[in-house]
Amino acid sequence: MIRKEMIKKHLLTRSVMLVLVLISMLNIYGTTNTKTGAKPLPLSLRTSKFIFIASKRAVAYNFASEALPVNDAKVNYKLFKTLRKHDFRNVQSNILHRKAEKWFPVIEPILKFYGIPDDFKYIPLVESGFTSGKSPKGANGIWQFMPGTARTYGLRVGHGTDERLNLRKSTIAACKYIKELYGEFNSWTLAAAAYNNGSIKLARAINRQNEDNYFRMKLNRETGSYVYKLIAMKAVIEQPKEHGYQNYFFLPPAPQLLAFN
């Protein structure tokens, strides 16, 4: 009888210890962080064995800190081909650096205010080279808005007025558009691709290919190289000496101008 009682006490003790362990685990993984007030973030759904994460060592070769599968042969080829096209031997101009230094101080705080990654400031360099010329299809301004899209996001176009040429207003409109695209695709790289190709066409490509990683998708030539161009532009501006720009120089910071023209 005594032996049975001892066994019962032993089992009860072990059961209590097990419950305490489970409770402590729940406290660790299920409670909020007292310092930040936020729950631990889940693992990225875009993780793969080929992943390359943004780092100081290779700051240029990522977009909005999203993973870039550079160990993929096709991605490697497209990335370094685009980098070569944008180095000093091919571009042979410091104008990009001068324009970036002049206009980025206006664009950066607007992007930050709307929660858009800083890397989207390179879209005007790729889209228009910070030139307000009108494209054959009718896009205008540094963000190259079509008239209909510009009006959708609050810009006045027509009757002698074209706010696509207003740097501050067009950047605000671009932020609203990009934020909406991110809400649809849950990826900054896909948001950038949709900015170039349109959300409807990109959504169709995703459904058709059953693939939502930009770098693994088969897209038309322009959209398929678009994010690579943004990455290359970022590399040239942020790491100029590594891309042949030995004598680049910057202008003094520009005043907070309201309009581009």
Side-chain angles (χ1 to χ4, degrees), residues 60 63-64 82 85-86 91 93-182 188-189 191-199 222-223 225-238 240 245 248-261:
F63 182 76
T82 309
K85 284 184 177 180
H86 287 77
V91 179
S93 172
N94 291 324
I95 295 176
L96 294 178
H97 298 94
R98 296 175 65 183
K99 288 182 175 181
E101 185 68 11
K102 186 176 181 180
W103 299 115
F104 280 178
V106 182
I107 293 174
E108 289 168 346
I110 300 175
L111 291 174
K112 184 176 181 180
F113 178 82
Y114 282 92
I116 307 298
D118 192 64
D119 285 357
F120 278 87
K121 68 188 178 186
Y122 296 104
I123 281 183
L125 281 172
V126 170
E127 286 282 347
S128 64
F130 273 123
T131 302
S132 59
K134 184 179 290 186
S135 76
K137 293 182 179 180
N140 204 358
I142 66 166
W143 291 93
Q144 287 291 284
F145 272 117
M146 294 293 288
T149 307
R151 295 188 188 101
T152 298
Y153 294 96
L155 299 178
R156 292 185 297 169
V157 180
H159 304 292
T161 301
D162 194 343
E163 291 185 335
R164 293 177 295 177
L165 304 179
N166 184 298
L167 177 61
R168 183 181 63 83
K169 290 183 179 180
S170 64
T171 300
I172 291 172
C175 287
K176 293 177 180 178
Y177 184 31
I178 292 166
K179 199 164 188 176
E180 187 173 299
L181 292 172
Y182 179 78
W188 292 116
T189 50
Y195 189 94
N196 173 256
N197 196 34
S199 61
E222 182 181 349
T223 307
S225 63
Y226 191 72
V227 175
Y228 291 93
K229 289 179 181 178
L230 293 172
I231 293 172
M233 192 65 71
K234 176 183 175 183
V236 167
I237 297 299
E238 294 190 6
Y245 291 85
Y248 70 95
F249 61 93
F250 288 151
L251 296 177
Q256 297 294 306
L257 301 179
L258 297 183
F260 183 82
N261 57 344

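Everything numeric in this text was worked out from a predicted model, so none of it was measured.
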Considering all heavy atoms of both residues, which atom of [X] and which atom of [Y] are nearest to each other, and what is their separation?
X      : Y      : answer
Phe145 : Ala150 : CB-CB, 3.9 Å
Ala191 : Leu181 : O-CD1, 3.5 Å
Gly154 : Glu163 : O-OE1, 3.9 Å
Gly141 : Ser128 : O-CB, 4.0 Å
Pro109 : Phe104 : CD-O, 4.3 Å
Thr171 : Ile110 : CG2-CG2, 3.7 Å

Looking at [atom1] of [X] and [atom2] of [Y], how far apart are the two atoms once the value is rounded to the nearest 0.5 Å?
X      : Y      : atom1 : atom2 : result
Thr189 : Tyr226 : OG1   : OH    : 13.0 Å
Asn196 : Ser225 : CG    : OG    : 8.0 Å
Glu222 : Asn197 : CD    : CG    : 7.5 Å
Thr82  : Met233 : OG1   : CE    : 11.0 Å

Counting only pairs under 3.5 Å, give me each side-chain donor-acceptor contact of residues 111-118, with atom names and distances, residues two or more places apart or in other chains.
| unit_1 | atom_1 | unit_2 | atom_2 | d |
| --- | --- | --- | --- | --- |
| Asp118 | OD2 | Lys121 | NZ | 2.7 |

Do the ring planes of Phe63 and Phe120 sit parallel (below 30°), tilted (30 to 60°) or perpendicular (above 60°)?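 The arrangement is perpendicular - the two ring planes meet at more than 60°.
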Is there a donor in the side chain of Gln144 and an acceptor in the side chain of Tyr195, or the other way round, less than 3.5 Å apart?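 Judged by distance alone, the side chains do not pair up.
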Tyr153 and Glu180: side-chain donor and acceptor closer than 3.5 Å?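 Yes, because at least one side-chain N or O of Tyr153 sits under 3.5 Å from a partner of the opposite role on Glu180.
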Should [X] and [Y] count as side-chain neighbours, where that means a heavy-atom distance under 4.5 Å?
X      : Y      : result
Ile237 : Leu125 : yes
Ile142 : Ile107 : yes
Arg164 : Lys134 : yes

Qualifying residue, where the test is side chain to side chain contact (heavy atoms under 4.5 Å, CB included) with Trp143 and the options are Leu155, Ile178, Thr149: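 Of Leu155, Ile178, Thr149, side chain to side chain contact (heavy atoms under 4.5 Å, CB included) with Trp143 is met by Ile178 alone.
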